[in-house]
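Right, one structure below, let's go through it.
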Amino acid sequence: MEIPRYIQENLERHIGKQKVLMLYGSRRTGKTTLIENIYQKYSNSTLMLLGEDIQIANLLQTRTVTNYKQIIGEKKLVIIDEAQAIPNVVKILKLMIDTIKGITIVATGSSSFDLINDTGEPLVGRNKEFKLFPLGQIEYAKVENRISSLQQLNQRLVYGNYPELIHLTSLEEKEDYLKSLVNSYLLKDLLAYSNVKGADIIFKLLKLLAWQVGSQVSTVELGNSLQISKDTVERYLDLLSKVFIIFPLSGYSQNLRKEVTKSKKWYFYDNGIRNALINNFSPIELRNDLGLLWEQFIITERIKRNASKSYFPQYFFWRTYDGQEIDLLEFNSRQELTAFECKWGHKKAKIPVAFSKAYPDAQWHLVDKQNYLDWIEQ
């Protein structure tokens, strides 16, 4: 079963607009399958190039208009898969899109292109970025009803949503796949980066983050644990976000001095990756971290849902030094503030008094097992 990806429709709307469409996402999220679908749909007018093919990469190094016109010919759509493997790829893309009229370029990358390449002048105004996440409920909803989604929830909290998991029937196969993904694929681009000291430090950092999901993270403490500097920790966190494994939430504040703003919380884009790092695939009935899994699941699913609708607010958490907190805030371009508190159980929750006083116009919602689908698939 192949689940339609919402990002394909969003991306196709921009074909024919003389743009570089950059499709980012961690390895194994389905980028190649998606562009193959696009290629089949537009095959008569499309040129497909594989960035990891050395001959292709070498051919593109001759940065002349004549060379690129000869390569592209009469094609109107150029797809470059794994473009981050090509040296100076952004300079190549810039020259192509600036000089060859009537083309659209789709370039995929499992890392931000500025991670490995010296990008030079950016593609400001010439590109549009898309992020491909692991499968989201907004996509499952196209092929399953709500009863099926509820039945799958417990497994998705533990094993996550990487596309290939839907083809694996046993829990042992899913566990083996995720461990292999973490050990063999996930950090491939990052470990090719010359300023990274080694896989052992990166894995130790990820494990520390996995244990601290939903908590404020001290880069000083992480550095002490890993025996590296605070600056190195911050650089590694930035790099890990550029290969789309983790993402931060900063503290939100506009009014109160007692609001926490300096530290960040770090989350994984996928629960299965987080659980593979700590080697814990126990069912939810036996876990003591279920609240954290639920919080991470809802936050990432909300981000996927919003992205599917081309809605990109800023994301924050909120907390005061006396312990009042909210898991997720969305702040949009209309200056509207929406708060979400994630609760797995049946505990009653109320909007924090300090928050309601400081932000009386903000909306506040409790997201629990009873209503969560309303917030992540509609």
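Note that these values count all heavy atoms, side chains included, but never hydrogens, waters or copies made by symmetry. Residue numbers run from 1 in the order of the sequence given.
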Check your understanding: Would you call Leu93 and Arg126 a side-chain contact if the rule is heavy atoms closer than 4.5 Å?
Key -> no
Check your understanding: Is the backbone N or O of Ser26 less than 3.5 Å from a side-chain atom of Lys31, with the two atoms forming a donor-acceptor pair by type?
Key -> yes
Practice item. Find the distance between CD1 (Ile72) and CG (Asn67) and round it off to the nearest 0.5 Å. Key: 9.5 Å
Practice item. Measure from the side-chain N and O atoms of Arg5 to the backbone N and O of Phe133, and report whether any donor-acceptor pair falls under 3.5 Å. Key: yes
Check your understanding: Checking Arg27 against Tyr185: charged group under 6.0 Å from the ring centre and within 45 degrees of the axis?
Key -> no
Review point. Does any non-hydrogen side-chain atom of Glu377 lie less than 4.5 Å from one of Tyr140?
Key: no
Review point. In Å, rounded to the nearest 0.5 Å, how long is the span from OH of Tyr315 to CG of Leu328?
Key: 7.5 Å
Exercise for review: With the side chain counted from C-beta on, respond yes when Leu337 and Tyr252 share a heavy-atom pair under 4.5 Å apart, and no when they do not.
Suggested key: yes
Practice item. Taking only Lys NZ, Arg NE, NH1 and NH2, and the carboxylate oxygens of Asp or Glu, determine whether Arg235 and Asp231 approach each other closer than 4.0 Å. Key: no
Practice item. Kindly indicate whether the side chain of Tyr6, heavy atoms from C-beta on, has any atom under 4.5 Å from the side chain of Glu139. Key: yes
**Study point:** N/O donor-acceptor pair under 3.5 Å between Glu173 side chain and Ser170 backbone
**Key:** yes
Exercise for review: Without swapping roles, check the side chain of Ser225 against the backbone of Glu221 for a donor-acceptor pair under 3.5 Å.
Suggested key: yes
Review point. Are Arg146 and Asp374 ion-paired here, with the side-chain N under 4.0 Å from a carboxylate O?
Key: yes
**Study point:** Intermediate values then yes/no, side chain to side chain contact (heavy atoms under 4.5 Å, CB included), Phe355 and Gln324
**Key:** CA-CA 8 Å; Phe355 183 82; Gln324 298 183 63; over 6 Å; no
Review point. Can any side-chain N or O of Tyr359 pair as donor or acceptor with the backbone N or O of Gln254 at less than 3.5 Å?
Key: yes
Check your understanding: Would you say Arg274's side chain and Gly160's backbone share a donor-acceptor pair under 3.5 angstrom?
Key -> no
Review point. Does the cation-pi check pass for Lys343 over Trp294, that is, NZ or CZ under 6.0 Å from the six-membered ring centre and within 45° of its axis?
Key: no
Practice item. In sequence, state the C-alpha distance, the side-chain angles, and the governing distance for Lys17 and Lys128, and then conclude on side chain to side chain contact (heavy atoms under 4.5 Å, CB included). Key: CA-CA 11 Å; Lys17 295 184 178 180; Lys128 187 169 181 61; over 6 Å; no
Review point. Where does the angle between the aromatic ring planes of Phe130 and His14 fall among parallel (under 30°), tilted (30 to 60°) and perpendicular (over 60°)?
Key: perpendicular
